[in-house]
A.B. asks: 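Okay, handing you the structure first.
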Protein chains: 2
Amino acid sequence: MGKVITGGTMSLDGYIAGPGDSGFDLLFQWYGSGDVEIPSASPDVPPFRVSAASAELIKREYADMGALVVGRHLYDLTNAWGGRHPLDVTTVVLTHQRPADRPDDENFVFVTDGIEAAVAKAKELAGDRDVAVNGGQMARQCLEAGLLDEVGVELVPVVLGAGTPLFADLGIAPVQFDGPTTVVQGTGVTHLRYRVKR
Amino acid sequence: MGKVITGGTMSLDGYIAGPGDSGFDLLFQWYGSGDVEIPSASPDVPPFRVSAASAELIKREYADMGALVVGRHLYDLTNAWGGRHPLDVTTVVLTHQRPADRPDDENFVFVTDGIEAAVAKAKELAGDRDVAVNGGQMARQCLEAGLLDEVGVELVPVVLGAGTPLFADLGIAPVQFDGPTTVVQGTGVTHLRYRVKR
């Protein structure tokens, strides 16, 4: 049975986005901080190039990933990543209403009845592999619902001063974690992995 | 010439204090997470006991420390640490008005003309050793004034959900750092050190 994981790139003062959705250039600088390519299955998203240390961790995690859960907002914002998610797995989209012209296929599956159902569907698709949950709101709902096993933080050396915090508006704070179980220092980023306490 | 450093214990979502100054029990759990004693020079503050990895780093940093800068708020809140700061160095207190009954001595020195003057006084007292700046407001003023060389974050595995961010209300965000130059994994805490970019 795989894990349910989430993660995000975070500033040194705890923000996954700066004020007014600024700061992404600074947050994601590490995507171009090395020379090992991480391929992308999306025609719209270029591969990124990171340090060897970052690449080793990321490739291992990607290999274990069996399905994704995202929110409709991210799906629309990225224009469905041009047809397939960069991670090259089936992506479960949690939405209030499924798109009219879009049947479920190996690229995208739509779920309308809440986060539990979306994660259950993704687990079914992932089999023994992991399910990744993407986007701050989805991650928060998962943590609140007790569905989350692991949190990854890619900590970058910039102070944004304001913005959207990790797990913003969490209804069950404070929440304690075990770990970090993994600490990997890349170029311009520190990769930290934590387990949700049961 | 020593460095001017600051630091603080921070939650995984970027807060150095929880909502309404809550959460300190969770933030400072790591002060009792091991069996190596870090002595305290204050009669009011007990020594803390941390893991060997944390202790090695902290003792090295304490040995390099020549003076402290704190704000009047912290000085009053702690009742002057019972007479001497736990770190066993002279503490420069930045204040609007010096306490009437308190001449400068080897424990406390009062400065009324701003953060630059307070840091300059502390540097004079520290000689070749480092100056530590304590309290979020003092740290922010130092960073804004270009006086800070290094930031230390003791990252702990708890999500507080809200509270006081590191460098709250920073007037010069975004600010980029180099590093981390040091990553030490203790029990219940990850020690990270960053250099201010010049």
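Proteins come first, then strands; the chains are lettered A, B, ... in the order of their sequence lines, and each starts at number 1. In what follows, every heavy atom counts, from backbone to side chain, and hydrogens, waters and symmetry copies are set aside. Just so it is clear, the model here is predicted, and its values are computed rather than measured.
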A.B. asks: Select one option (side chain, backbone, both, neither) describing which atoms of Val159(B) are under 4.5 Å from chain A's heavy atoms.
C.D. replies: both
A.B. asks: What's the spacing between Ser11(B) OG and Phe177(A) CZ if we round to 0.5 Å?
C.D. replies: 10.0 Å
A.B. asks: Could you check which of Thr187(B), Asp169(B), Asp178(B), Asp13(B) has the highest count of heavy-atom pairs closer than 4.5 Å to chain A?
C.D. replies: Asp13(B)
A.B. asks: I'd like to check Leu160(B) versus Val175(A) (side-chain heavy atoms, cut-off strictly below 4.5 Å). Are they in contact?
C.D. replies: no
A.B. asks: I'd like to know which of Arg140(B), Gln29(B), Lys197(B) tops the heavy-atom pair count under 4.5 Å against chain A.
C.D. replies: Gln29(B)
A.B. asks: With a sphere of 6.0 Å drawn around CZ of Arg195(B), does it hold more than 12 non-hydrogen atoms of other residues, nucleotides or ligands?
C.D. replies: no
A.B. asks: Give a yes or no on whether Tyr15(B) and Val151(B) share a hydrophobic cluster (residues Ile, Leu, Val, Met, Phe, Trp, Tyr; joining criterion: side-chain heavy atoms under 4.5 Å apart).
C.D. replies: no
A.B. asks: Find the distance between CD (Gln185(B)) and OG1 (Thr182(A)) and round it off to the nearest 0.5 Å.
C.D. replies: 10.0 Å
A.B. asks: State yes or no: do Val133(B) and Val111(B) share one hydrophobic cluster built from I, L, V, M, F, W and Y residues joined by side-chain heavy-atom distances below 4.5 Å, directly or via other members?
C.D. replies: yes
A.B. asks: Do Tyr62(B) and Val70(B) share a hydrophobic cluster, counting only Ile, Leu, Val, Met, Phe, Trp and Tyr and linking them when any side-chain heavy atoms are less than 4.5 Å apart?
C.D. replies: no
A.B. asks: Highest number of heavy-atom pairs under 4.5 Å with chain A: which of Gly18(B), Ser22(B), Gly161(B), Pro174(B)?
C.D. replies: Pro174(B)
A.B. asks: Can you tell me which portion of Gln176(B) sits under 4.5 Å from chain A's heavy atoms? Options are side chain, backbone, both or neither.
C.D. replies: both
A.B. asks: Side chains of Tyr194(A) and Leu12(B): closer than 4.5 Å at any heavy-atom pair?
C.D. replies: yes
A.B. asks: Would you say that more than 12 heavy atoms from the other residues, nucleotides or ligands in this model lie under 6.0 Å from the CG of Asp105(A), or not?
C.D. replies: yes
A.B. asks: Should Val45(A) and Ile38(A) be counted in the same cluster of Ile, Leu, Val, Met, Phe, Trp and Tyr side chains packed under 4.5 Å apart?
C.D. replies: no
A.B. asks: Between Pro165(B) and chain A, which part of the residue has a heavy atom less than 4.5 Å away: side chain, backbone, both or neither?
C.D. replies: side chain
A.B. asks: Take a 6.0 Å sphere around CD of Glu37(A) and say whether it holds more than 12 heavy atoms from other residues, nucleotides or ligands.
C.D. replies: yes
A.B. asks: Please determine whether the number of non-hydrogen atoms from other residues, nucleotides or ligands lying under 6.0 Å from atom CG of Asp25(B) exceeds 12.
C.D. replies: yes
A.B. asks: Grab the two heavy atoms, one from Pro157(B) and one from Gly179(A), that are nearest each other, plus how far apart they are.
C.D. replies: CG-O, 3.7 Å
A.B. asks: Tell me which of these, Leu170(A), Ile16(A), Leu26(A), Val153(A), has more heavy-atom pairs under 4.5 Å with chain B than the rest.
C.D. replies: Leu26(A)
